[in-house]
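Here is the structure we will look at, set down as structure tokens.
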Number of protein chains: 2
Amino acid sequence: MARTGKKRGNTPDQDPAFVERLEQAKAASVAQLLFKCARLLNEQAVARLEQPPGVPRIRPAHTSVFPHLDLAGTRLTELARRLGISKQAVGQLVDELEQMQVLERVPDPSDGRAKLIRFAKAPGRSLLDGLAHLRRFEQELGVAIGAPRMAALHDALGALLVALEDRSTPSA
Amino acid sequence: MARTGKKRGNTPDQDPAFVERLEQAKAASVAQLLFKCARLLNEQAVARLEQPPGVPRIRPAHTSVFPHLDLAGTRLTELARRLGISKQAVGQLVDELEQMQVLERVPDPSDGRAKLIRFAKAPGRSLLDGLAHLRRFEQELGVAIGAPRMAALHDALGALLVALEDRSTPSA
DNA sequence: AATTTTAGTCAAGTCTCCTTGACAATTTAG
DNA sequence: CTAAATTGTCAAGGAGACTTGACTAAAATT
């Protein structure tokens with residue numbers, strides 16, 4: 001690295017007003033903050049999990065399934081509807097999560113065609129370890145930024161999610 | 001839908017303690033909320049942009065570049081380092097953003113090999129319109145969840161980002 | 001001046017995540 | 001009982017977001 005120290009700082013030849021508009025736009029963006037935090041958090045959380053090689057690793061997409069699972073079990077079709085993706089896609093995710101012994105499929109007693117998808121009775125450490133890890137990670141972050149802020153974050157995100165979901169599905 | 005009304009509510013045959021741990025874990029996850037909000041927000045923001053057909057559309061991946069751009073211009077290699085991806089990948093994103101007249105490449109006066117990537121001088125409406133859209137979108141969301149919550153969200157995310165960045169680069 | 005590094009690019013390939021199409025097993029409706 | 005609809009699965013495929021490898025031009029090092 002032999003650059004002469006002027007790594008940044010001055011704008012070469014751009015209109016100051018234009019520059020200011022950009023600065024403003026960048027600074028104001030809650031969205032940008034959100035994106036960046038989400039990416040970093042996801043990366044660091046996943047990196048914490050020791051993943052046994054060979055069997056399919058847990059991937060970001062898998063986590064999106066959990067919040068839509070009823071504890072009594074949920075049908076594939078219903079899951080697909082909630083996630084807004086095809087049932088084949090869900091099927092694949094569930095296949096993998098089943099291999100990891102995180103989820104299990106049991107026959108639906110009330111319908112011979114259907115199966116209920118639910119958390120595995122004897123999760124192969126993957127699930128509970130993973131969740132415990134995540135919890136611990138979140139606690140650490142809570143300490144880092146302060147409990148009140150963490151609570152405020154939780155609250156605000158919950159509200160934001162509702163607002164966003166209302167937009168994407170104005171009907172359902 | 002002929003299920004006899006027991007869509008959820010009671011757990012068939014699972015250990016209550018286990019069930020509670022799961023419920024807790026699900027409810028507690030700030031991370032899940034964060035991921036989902038970020039994804040929805042990015043998708044919806046991009047979807048709002050009226051995209052001229054033919055030329056490459058702006059896609060969610062593109063937005064990740066902006067926060068790392070210095071207004072004076074940033075080199076491709078530096079951008080790649082900041083984003084944590086290969087310079088070829090960045091090159092592709094920048095190619096597309098250049099075609100859309102959102103960014104431009106100018107030769108780096110201090111190094112004949114290098115080019116500086118920066119916001120286009122005459123953005124083809126895409127950029128400024130896009131930023132204006134984003135601002136408006138955020139304002140709408142602010143109304144939806146309430147101004148205080150929005151402020152709290154902004155504050156908490158800022159703090160969280162710092163905490164996360166400190167972790168990922170304890171040295172640099 | 002000769003050698004090694006560095007900045008950016010071209011080409012090709014991979015991995016993830018999701019889609020469409022076709023299908024057998026059941027259930028429900030007529 | 002037969003016809004239509006629904007549940008889940010198998011198979012193939014595609015778009016997006018990267019990656020690795022090979023290479024040129026310019027700069028720094030020796």
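Numbered from 1 within each chain, the chains take letters A, B, ... in sequence-line order.
- Close to D:dT9, at under 4.0 Å from its OP1 or OP2, lies a side-chain N or O of A:R105.
- Rounded to whole Å, atom P of C:dT27 lies 10 Å from atom CZ of A:R75.
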* Asked: Hey, mind stepping through B:R81 and B:E78 against salt bridge (charged side-chain N to carboxylate O under 4.0 Å, His left out) and telling me if it holds?
  -> CA-CA 5 Å; B:R81 193 192 60 72; B:E78 171 64 12; 2.9 Å; yes
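- B:R81 places its CZ atom 13 Å from the P atom of C:dG8, with the value rounded to the nearest Å.
- Atoms CD (B:E78) and P (C:dG8) sit 10 Å apart, rounded to a whole Å.
- For A:L76 and C:dT26, the CG to P distance is 17 Å, given to the nearest whole Å.
- Taking 4.0 angstrom as the limit, A:T77 places a side-chain polar atom (N or O) nearer than this to OP1 or OP2 of D:dG8.
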Expected string for nucleotides 15-23 of chain D under the B/S/- scheme (protein heavy atoms, under 4.0 Å, primed atoms plus P, OP1, OP2 as sugar-phosphate) is -SSBBBB--
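- Not one N or O on the side chain of B:Q101 forms a donor-acceptor pair closer than 3.5 Å with the backbone of B:A120.
- When the P atom of C:dT26 is taken as reference, atom CZ of A:R113 falls 10 Å away, rounded to whole Å.
- Rounded to whole Å, the distance from CG on A:L83 to P on C:dT19 is 10 Å.
- Among the protein residues, B:G91 comes within range of no part of the nucleic acid, since none of its heavy atoms lies under 4.0 Å from any strand.
- Qualifying side-chain hydrogen bond (donor to acceptor under 3.5 Å, both in side chains) partners for A:T63, counting only residues two or more places apart in sequence or in other chains: none.
- Note that CG of B:L157 is 6.5 Å distant from CG of B:L34, once rounded to the nearest 0.5 Å.
- Legend: residues meeting salt bridge (charged side-chain N to carboxylate O under 4.0 Å, His left out) with B:R105, ordered by chain and number and at least two apart, are B:D95, B:E98.
- The closest donor-acceptor contact from the side chain of B:H68 to the backbone of B:V65 lies at 3.5 Å or more, if one exists at all.
- Distance, B:D108 CG to C:dT9 P: 13 Å, rounded to whole Å.
- Remark: P of C:dG8 and CG of B:D111 are 8 Å apart, rounded to the nearest angstrom.
- The line from CD1 of A:I145 to CD of A:E140 is 13.0 Å long, rounded to the nearest 0.5 Å.
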